[in-house]
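Numbers here are sequence positions counted from 1.
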Amino acid sequence: MTNSTESLPVIDIASRDVAHVGEALDRACCEFGFFYITGHGIDRALSARMMTLAREFFAQPQEHKMAIAMAHGGRAWRGYFPVDGELTSGRPDRKEGVYFGTELGPDDARVRSGLPLHGMNLFPALPGFRDTLLAYIDEVTAVGQLLLSGIAVGLGLPQDYFFERYTRDPTVLFRIFNYPPATAGADENELGVGEHTDYGLLTLLQQDEVGGLQIWHHDRWIPAPPVPDSFVCNVGDMLERLTAGRYVSALHRVRNVSTQDRISMPLFLDPSFDSVLEPIKILAPDLTAAGRRRHGRRWDGADLATVSGNYGDYLLNKVSKVFPELREKVL
Ligand code: OGA
Ligand code: NI
């Protein structure tokens, strides 16, 4: 089921055999914190439509894209940002993107109370965009929930462990990025997205055929090249914290060294905002986690073992660092 240890594992989940898949997920999450899945059952036509609409969106004139700029998204934190608009690792990323999430109307209690990151999406005026995007988010979220049940089983926990505690009403963020080619003569410091880890439980990403995603593994960057009809999945900070370091929230970054634009579409399946994360009792802290990091420490200097409060606080703190201007305006 899994291939060699030098490239990322590819896990076929078509069997839906949770014990078998759970074992493969456990190995992949311990060793890499990253893996591909195939056999996920998402309609290829839906994925392809989403990718085509993403391309159509970015191909528009800048002023059309700016019609849904993040400044119009308010506290829901949705919409478009141009190249250099996000500072993942403290410096501007060479990417443009659009942020979406669970579509919540004004009557939702969380929206009424002004909870940041909750609310309505800003949809581009492209035919079919809204319906395709909402269907796609639902499908990928369902696959993410399936993976979390496999991960639970792989850890020796009941299948619904994460669902019952954290993801019955998950925080779902969906992002579409366009990475322009590197500028002429660019060095290794010019990154599409600066090195970072993801904040939540699990990320599921569809990428086009260009490539450029790199994962920190055993003291070097290894590529996560395109694999047809797959998702690249990775462990986020909260899953590392819950597993007390058994699973690594691996450092990753993007360098588009091709001559074409690169599209990627990550979906972040995260705990509900008010979840308080408690390390899983049956797992002893894994003290090798620090040794698996670049320079032996986390990229942001944080210590996940001391994270307190709920997931919403953790996420808002992170997000406001990467969009400092927006923080001043809406938070
Ligand atoms: C991210 C991320 C990688 C990619 O959005 O967190 O790591 O390939 N994206 O776009
Ligand atoms: Ni990431």
Side-chain angles (χ1 to χ4, degrees), residues 2 4-9 24-36 86-95 151 154-155 186-203 205 212-225 232-255 257 266 268 270-271 277-309 311 313-322 324:
T2 13
S4 87
T5 53
E6 266 331 282
S7 51
L8 295 179
L25 289 170
D26 184 56
R27 248 179 303 163
C29 293
C30 286
E31 171 67 9
F32 292 91
F34 261 86
F35 53 92
Y36 294 88
E86 181 170 7
L87 291 75
T88 297
S89 215
R91 280 184 312 159
D93 292 333
R94 191 166 163 70
K95 70 174 193 296
I151 288 173
L155 285 165
D187 63 11
E188 235 204 297
N189 295 318
E190 189 188 90
L191 294 171
V193 55
E195 53 188 71
H196 69 282
T197 56
D198 294 351
Y199 316 142
L201 284 173
L202 193 64
T203 306
L205 174 142
L213 175 59
Q214 301 176 332
I215 320 303
W216 187 253
H217 179 69
H218 287 172
D219 298 329
R220 63 193 183 94
W221 293 106
I222 60 168
V232 182
C233 303
N234 63 288
V235 169
D237 294 345
M238 293 305 109
L239 194 51
E240 176 174 323
R241 168 155 169 71
L242 288 175
T243 60
R246 176 179 175 85
Y247 293 172
V248 219
S249 173
L251 200 61
H252 53 284
R253 66 180 194 181
V254 171
R255 277 187 80 203
V257 294
F268 303 88
D270 293 358
L277 288 106
E278 300 283 352
I280 298 164
K281 291 206 175 52
I282 59 166
L283 299 175
D286 184 334
L287 303 174
T288 63
R292 290 184 277 175
R293 303 203 184 291
R294 197 171 190 201
H295 312 304
R297 61 191 283 279
R298 271 181 60 87
W299 63 291
D300 55 1
D303 177 359
L304 290 181
T306 63
V307 171
S308 61
Y311 180 62
D313 295 336
Y314 184 78
L315 182 60
L316 286 178
N317 180 328
K318 289 287 189 188
V319 171
S320 60
K321 286 202 174 92
V322 300

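Taking all atoms of both residues into account, the shortest heavy-atom contact from His252 to Thr197 is CE1-CA, 4.0 Å. Closest non-hydrogen pair, Val248 versus Cys30, comes out as CG2-O, 3.7 Å. For Ala244 against Leu283, the heavy-atom pair with the smallest separation is CB-O, 4.5 Å. Between Phe34 and Pro9, the shortest heavy-atom contact is O-CD, 3.7 Å. Leu87 and Pro92 make their closest contact through CG-N, 4.1 Å (heavy atoms, listed as atom of the first residue, atom of the second, distance). A pairwise comparison of heavy atoms in Gly200 and Asp270 identifies CA-OD1, 3.3 Å as the closest pair.
In this structure, Glu240 contributes its side chain and Ser249 its backbone to a donor-acceptor pair below 3.5 Å. Judged purely by atom type and a 3.5 angstrom limit, Asp26 has no side-chain atom pairing as donor or acceptor with the backbone of Leu155.
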Full working for side-chain contact (heavy atoms from CB on, under 4.5 Å) between Trp221 and Arg253: CA-CA 9 Å; Trp221 293 106; Arg253 66 180 194 181; 3.4 Å; yes
Check against side-chain contact (heavy atoms from CB on, under 4.5 Å), Tyr36 and Val232: CA-CA 4 Å; Tyr36 294 88; Val232 182; 3.6 Å; yes
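Using a 4.5 Å heavy-atom cutoff, the side chains of Asp93 and Leu191 are not in contact. Using a 4.5 Å cut-off on side-chain heavy atoms (C-beta onward), Leu239 and Ile151 make contact.
Taken from CH2 in Trp216 to CZ in Arg292, the straight-line distance is 14.5 Å, to the nearest 0.5 Å. Taking OH of Tyr199 as the start and OH of Tyr314 as the end, the distance is 8.5 Å to the nearest 0.5 Å. The CG atom of Asn234 lies 8.0 Å from the CG atom of Leu205; values are rounded to the nearest 0.5 Å. Remark: Asp198 CG to Met238 CE distance equals 11.0 Å, nearest 0.5 Å. Atoms NZ and NE2, from Lys321 and His196 in turn, are 15.0 Å apart once rounded to the nearest 0.5 Å. Between the CG atom of Asp300 and the CG atom of Leu251 there is a distance of 9.5 Å, given to the nearest 0.5 Å.
Aromatic ring orientation, His217 versus Phe32: parallel (interplanar angle below 30°, classes split at 30° and 60°).
For the residue pair Trp299 and Ser89, no side-chain donor N or O sits within less than 3.5 Å of a side-chain acceptor on the partner.
Under the salt bridge (charged side-chain N to carboxylate O under 4.0 Å, His left out) criterion, Arg91 pairs with no residue, sequence neighbours left out.
Between Asp237 and Arg298 there is a salt bridge, with a side-chain nitrogen of the basic residue lying less than 4.0 Å from a carboxylate oxygen of the acidic one.
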